[in-house]
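Heads up, the thing below is written out as structure tokens.
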Amino acid sequence: MTINYTPSKVCAKQILVEVNDGVVGDVRFVGGCGGNAAGISKLAKGMKADELIKRLENINCGGRGTSCPDQLAQALKTFNGEQ
């Protein structure tokens, strides 16, 4: 399944996440900081969605109350039916 998530309060305009059997596959950020997005994407690949949520949720960037990693966690929570 592919999640197409529109983040808020961050530079990225879209987050696309493939999840199969609770495991994250490809992650792509549209917009935002290319280097950080590429790093997050590579680290996330192959991890369980629940573990990523625990690790990335509530990371703050620049006092925004959220970040691209946090928004990825929110996208995965939406997939899990938590929001």
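The residues of the chain are indexed from 1 along the displayed sequence.
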>> Ignoring hydrogens, what is the shortest heavy-atom contact between Thr66 and Val10? Give both atom names and the distance.
In response: CG2-CG1, 3.9 Å

> Nearest 0.5 Å, what's the CZ-OG distance between Arg64 and Ser8?
Replying inline: 10.5 Å

> Considering all heavy atoms of both residues, which atom of Pro69 and which atom of Ile59 are nearest to each other, and what is their separation?
Replying inline: CB-CD1, 3.9 Å

> Do Asn20 side-chain atoms and Val24 backbone N/O form a donor-acceptor pair below 3.5 Å?
Replying inline: no

>> Rounded at 0.5 Å granularity, tell me how far NZ in Lys48 sits from CG in Asp21.
In response: 10.5 Å

> Is the side chain of Glu57 donor-acceptor paired with the backbone N or O of Gln74 at a distance under 3.5 Å, no angle test?
Replying inline: no

>> As an exercise, state the distance from CG of Asn36 to SG of Cys61, rounded to the nearest 0.5 Å.
In response: 8.0 Å

> How long is the gap from CE on Met47 to CD1 on Ile53, to the nearest 0.5 Å?
Replying inline: 10.5 Å

>> Let me confirm one number: the CD1-CZ distance from Ile40 to Arg28, rounded to the nearest 0.5 Å.
In response: 15.0 Å

> Is Ile3 close to Leu76 at the side-chain level, that is, under 4.5 Å between some pair of heavy atoms?
Replying inline: yes

>> Just verifying a value: how many Å separate Lys13 NZ and Thr6 OG1, rounded to the nearest 0.5 Å?
In response: 10.5 Å

> Can you name the nearest heavy-atom pair linking Gly65 to Asp70, along with the distance?
Replying inline: O-OD2, 4.4 Å

